[in-house]
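A quick write-up on the structure given underneath.
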Amino acid sequence: MSLLELIGRADERALAAGAVACLERCLPLLAGPEAEPLRPLWASCENGQEWAIRLAAVRTEMEQGSVSAGPAALVRAMLGAAPSDFAAVPLREWADACSLVALRVHGRFDAPDGDVPADEEDLLKAARSGEPAAVGPLVAGELERQVRILEILAETTGTAGSGAGLRKALDLSTEGRRVLRAVMSRRARGRS
C-alpha cells in the first residue's frame, strides 16, 4: 500500500503519531542530541487525552531557539500547523503535510549542495503514491520509515498491543533521527 493510501485510511491515533514521528526524525535541525521536546505529544497520541494542552506546551518550548530560513523553518512551521483538535480531518491534513516536509528535509541532505532538485515535487508525489521514483537514499529511507510506522500503527489499532505499536513508531523515529544527525554531522565536518 502506498504512503498516501495509508494516510488516507489511518485513524486519529495513527495520523497524530505519524505526524509527530515525522517531526521527531527532523529534530536534529531544531534541538540538541539529548532533547526530547516531543515526548508529551507522543503520550497523547493513543487517545488524544490532553492533546491541545501538550501541543501548546511543546510549541512554547520549541519556539525558544532561533531558527533561520530553510529546512529548520519548515519543521517549526509544521509544529505550528498542528491542529489543536484531535480529530481525523485536521490530523490527516497535518500528517500529510508533515510527511511531505520530512521527505523534503531529507531530500535537501541527499543533494550534495543542499539545493532543492528541480523535479522534487514530481519525484515526491510519485514516491508517496507508490510509483518508482529516482529519490536519494535519505528520502528512500524516510519514505520507508513513514510507511512502516503507519503499517505498525494500523496493525495495532484497537488491540491490547496498541501502546507497543506507538513504542515501535517512536523507536523507528529515534533511529531516523540518529541517521539525520549523522548526515548533518558529516556534512558539517566536510565544510570545515
Side-chain angles (χ1 to χ4, degrees), residues 1-27 29-30 37-63 71-107 120-131 133 139 142-170 172-173 176-177:
M1 192 175 303
S2 77
L3 176 59
L4 291 179
E5 289 172 319
L6 288 166
I7 291 171
R9 293 180 180 193
D11 64 1
E12 291 91 341
R13 171 181 164 267
L15 293 166
V20 172
C22 287
L23 296 178
E24 181 83 32
R25 289 188 299 279
C26 294
L27 271 181
L29 298 167
L30 298 173
L38 300 179
R39 288 299 167 120
L41 288 181
W42 281 104
S44 287
C45 286
E46 181 66 40
N47 57 16
Q49 187 174 354
E50 296 184 14
W51 173 262
I53 294 166
R54 290 176 176 170
L55 176 61
V58 168
R59 281 181 179 148
T60 300
E61 181 179 345
M62 294 300 293
E63 289 171 0
L74 290 174
V75 175
R76 180 169 284 167
M78 281 301 93
L79 182 58
S84 295
D85 293 335
F86 197 81
V89 172
L91 286 171
R92 185 168 280 95
E93 290 173 13
W94 183 54
D96 184 62
C98 287
S99 163
L100 193 54
V101 163
L103 290 167
R104 284 184 175 141
V105 165
H106 284 75
E120 177 189 52
E121 205 64 40
D122 293 335
L123 286 174
L124 294 181
K125 183 178 180 182
R128 294 173 82 223
S129 297
E131 299 170 22
V139 172
E142 173 61 15
L143 181 66
E144 185 178 317
R145 277 186 284 281
Q146 288 185 25
V147 167
R148 186 67 192 123
I149 284 169
L150 289 173
E151 288 172 344
I152 288 168
L153 294 168
E155 291 166 5
T156 59
T157 294
T159 68
S162 64
L166 283 171
R167 181 68 209 179
K168 286 180 186 177
L170 175 58
L172 279 169
S173 293
R177 185 172 157 182

Supply the atom-to-atom distance [X] [atom1] to [Y] [atom2], rounded to the nearest 0.5 angstrom.
X: Leu4; Y: Asp96; atom1: CG; atom2: CG; answer: 6.5 Å
X: His106; Y: Arg104; atom1: NE2; atom2: CZ; answer: 14.5 Å
X: Leu100; Y: Cys22; atom1: CG; atom2: SG; answer: 10.0 Å
X: Cys26; Y: Leu79; atom1: SG; atom2: CG; answer: 11.5 Å
X: Trp51; Y: Glu46; atom1: CH2; atom2: CD; answer: 12.5 Å
X: Leu172; Y: Glu144; atom1: CG; atom2: CD; answer: 9.0 Å

[X] versus [Y]: any side-chain heavy-atom pair under 4.5 Å?
X: Leu123; Y: Val139; answer: no
X: Ser2; Y: Glu131; answer: no
X: Val105; Y: Glu142; answer: no

Taking all heavy atoms of [X] and all of [Y], pick out the closest pair and write down the distance.
X: Arg59; Y: Ser84; answer: NH1-OG, 4.2 Å
X: Gly165; Y: Thr156; answer: CA-OG1, 3.6 Å
X: Ala21; Y: Ser173; answer: CB-OG, 3.0 Å
X: Gly18; Y: Ile149; answer: CA-CG2, 4.5 Å
X: Ala88; Y: Leu15; answer: O-CD1, 3.7 Å
X: Leu6; Y: Glu151; answer: CD1-CG, 4.0 Å

Looking at [X] and [Y], would you say the former's side chain and the latter's main chain have a donor-acceptor pair under 3.5 Å?
X: Arg76; Y: Leu30; result: no
X: Arg92; Y: Ala10; result: yes
X: Trp94; Y: Met78; result: yes
X: Arg177; Y: Leu27; result: no
X: Ser99; Y: Ala95; result: no
X: Gln146; Y: Leu3; result: no

(request) Show your working on side-chain contact (heavy atoms from CB on, under 4.5 Å) between Leu166 and Ile152 and close with a plain yes or no. (result) CA-CA 8 Å; Leu166 283 171; Ile152 288 168; over 6 Å; no
(message) Salt bridge check, Arg39 against Glu24: does any charged N sit closer than 4.0 Å to a carboxylate O?
(response)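 Looking at Arg39 together with Glu24, the answer is no, because their closest N to O distance does not fall below 4.0 Å.
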